[in-house]
Amino acid sequence: MAIPVPHQPVRVRIAPSPTGDPHVGTAYIGLFNAAFARHHGGQFVLRIEDTDQKRSTRSSEEAIYKSLRWIGLNWDEGPDVGGPYGPYRQSERSAIYLRHAQLLLDNGSAYRCFCTAERMEKVRILQRARKENPGYDGHCRGLPRDEADSRAAAGEPHVYRLKMPKDGETVVPDALRGQVAFDNSQIDDQVLLKSDGLPTYHMANVVDDHLMHITHVIRAEEWINSTPKHLHLYAAFGWEPPVFVHMPLLRNADKSKISKRKNPTSLEFYQRSGILPEAMLNFLALMGYSRKDAEGNDLEHFDFDALVSDLDLSRISLGGPVFDLEKLKWINGIYLRAMAPALVAERVFAWYREEERHAVVGHLVQERVTDLGNFAHHAAPFYAGSLEYGLNARYLLVGATSKKKTAVRLTAAASAAMLEDLIARLEALSSWQLAEVEACARAAAQASGAALGDALMAIRVAVCGRPASPPLFESIHAIGRAVTLVRLRLAAAAVSEPRTLLEAVNHAQAEVDAARRALEAAQAADGPVAAPAAAPPLADKEA
RNA sequence: GCCCCGUUAGUCUAGCGGUCAGGACACGGCCCUCUCAAGGCUGGGACAGGAGUUCAAUUCUCCUACGGGGCACCA
């Protein structure tokens with residue numbers, strides 16, 4: 001069963017929301033959209049869904065472009081490249097949505113709702129108490145049109161809601177799942193236009209997809225439940241809906257929807273970790289999808305063009321794939337080893353130079369360097385993704401390594417809490433400026449109750465992996481938001497679950513013990529001339 | 001709580017009524033080797049459970065369990 005292609009040319013889109021770090025999920029969905037478009041000789045559109053004024057930022061939007069380009073995705077139309085159906089930024093399309101909302105008001109498929117947030121809250125509480133489904137209760141649904149209009153004209157704040165049918169069912173044709181039925185009774189009257197005049201996702205998405213002639217909506221499974229609303233919107237406008245393809249959700253190791261708490265989700269993190277974009281793309285293509293060669297052997301290593309050549313979305317498997325960093329690393333290694341040697345060096349140096357950051361790192365490291373060859377050692381924390389703490393893990397416990405008798409020594413839980421606090425503060429930053437980063441670190445340190453230096457030491461080791469680094473605030477600033485946050489989360493998790501840290505330390509201790517035994521044995525047997533009977537080998541399996 | 005989706009080894013997957021249930025990552029062993037990788041060989045490890053349909057179910061249907069998602073003036 002292939003995906004139906006009712007219309008030529010095929011047009012697909014991704015519609016990321018510029019509200020945070022560029023997400024692997026965006027790249028994942030983008031990859032299959034782009035490949036589908038290319039396979040059918042159609043177009044791939046990038047649309048920015050920035051109707052959430054509170055959270056959307058232009059810098060996040062820029063970061064999305066950058067990361068998607070980094071991974072090798074190119075769109076035919078988008079805010080930055082233009083196209084015949086623009087503008088491609090929803091915040092610039094307000095008039096279009098307003099006009100279309102008016103259309104729905106006029107043909108009776110939408111109505112004005114004057115309910116306040118406070119009333120909605122009360123309704124929800126009541127519904128919960130009565131164990132009813134939460135949802136809009138239809139309070140304003142029966143309001144006469146002229147009354148609603150005059151209240152609106154008087155300036156009373158209100159939203160537009162879609163008038164959903166109250167009974168019967170809505171069947172969503174999903175290209176991968178078949179017919180999925182929903183009872184209309186549990187779909188409430190969705191807000192289409194917010195009181196700020198901007199559309200909700202549901203409204204904007206349907207209007208834009210139609211106006212942009214989107215033929216296939218390939219999106220994450222989390223949207224499948226709202227598809228009935230979208231279907232009714234299409235019907236209300238008298239438009240033909242696109243083909244829907246709901247992709248499985250990328251998962252954390254515990255199978256929950258992939259999240260930054262449990263996984264690095266920022267594409268920038270992977271870029272900074274030294275993951276090759278082509279390897280990342282390849283890895284993503286393996287999530288829920290598989291290819292075979294002519295003999296029927298599974299293919300693991302292939303590029304975008306190969307994916308495009310025989311793409312068949314109906315081969316998508318619907319169990320949510322766990323995003324497994326181990327396999328990513330393996331694929332990355334494959335690409336590295338397959339490269340011409342000269343090219344590897346070129347890629348490595350190009351990577352070191354990315355974003356002109358090397359100048360800043362050079363400056364930070366300069367004072368500590370004794371020779372050129374020494375540079376890499378000191379700069380290492382700036383050129384890596386996640387870190388291993390090994391013996392340095394002890395520094396993650398705030399105050400534990402302090403030499404002062406009076407030092408405040410935090411428990412593991414309190415140390416983790418301090419890191420969590422810092423994470424929250426850093427996440428709340430709207431931009432990554434040195435002064436702000438410093439303020440966050442100082443505030444978290446102070447809030448912990450420990451001495452400034454002790455708390456900062458824990459942060460230093462969490463972020464840099466070592467108790468010796470260039471000035472901490474500058475280092476954090478240079479390491480960057482994406483990598484810093486991942487390291488802090490990992491460190492916080494490690495500290496609150498010290499078992500693995502202890503294992504690492506025990507392992508290291510075993511090495512030390514083995515080394516000492518070997519050397520002591522050598523010394524004992526030592527005459528003026530080295531004894532021919534060699535010291536016991538430094539067994540790396542030692543306990 | 002209600003609704004929707006899903007379920008092959010720790011992980012990614014092949015399979016689309018009859019297979020010794022195949023491959024990959026990870027893990028163990030052996031080989032190669034100055035080390036470490038890489039590579040080669042090899043080992044252990046899976047159809048969530050129960051009914052039904054059928055000569056025959058991993059594959060079709062239903063129930064249960066488990067996992068996930070959704071139920072916003074966020075997308």
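Just so we're clear, the structure is a prediction, and the values are computed from it rather than from any experiment. Residue numbers begin at 1 in each chain, while the letters A, B, ... track the order of the sequences.
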Next on the checklist: Hydrogens and angles aside, do A:Ser256 and A:Asn252 bring a side-chain donor and acceptor to less than 3.5 Å of each other?
Outcome noted: yes
How about [X] and [Y]: are their ring centres within less than 6.0 Å of each other?
X	Y	result
A:Phe32	A:Tyr28	yes
A:Phe283	A:Phe323	yes
A:Tyr85	A:His213	yes

Show the distances under 3.5 angstrom between N or O atoms of the protein and N or O atoms of nucleotides 5-8 of chain B.
residue : atom : partner  : partner atom : Å
B:C5    : O2'  : A:Arg177 : NH1          : 3.2
B:C5    : O2'  : A:Glu221 : OE2          : 2.6

Every protein N/O lying under 3.5 Å from an N/O of nucleotides 70-73 of chain B:
residue : atom : partner  : partner atom : Å
B:G70   : OP1  : A:Lys257 : NZ           : 3.2
B:G70   : O4'  : A:Asn225 : ND2          : 3.3
B:C71   : O2'  : A:Pro134 : O            : 3.4
B:C73   : O2   : A:Ser195 : N            : 2.8
B:C73   : O2   : A:Ser195 : OG           : 2.7
B:C73   : N3   : A:Ser195 : OG           : 3.0
B:C73   : N4   : A:Cys115 : O            : 3.2

Pairwise [atom1] distance for [N] and [M], with rounding to whole Å:
N	M	atom1	value
B:C62	B:C20	P	30 Å
B:G28	B:G10	C1'	15 Å
B:G45	B:C27	C1'	10 Å
B:A14	B:C60	P	14 Å

Checklist entry - Under 4.0 angstrom, heavy atoms only, what part of the nucleic acid is A:Arg337 near: base, sugar-phosphate, or nothing? => result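 Counting heavy atoms under 4.0 Å across all strands, the contact made by A:Arg337 is with sugar-phosphate only.
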Table of protein N/O atoms under 3.5 Å from nucleotides 44-47 of chain B N/O atoms:
none

Item to check | Side chain A:Asn297 and base B:G22 donor-acceptor under 3.5 Å | outcome: no
Checklist entry - Which nucleotide, in any strand shown, forms a Watson-Crick or G-U wobble pair with B:A65, with both distances under 3.5 Å? => result B:U7
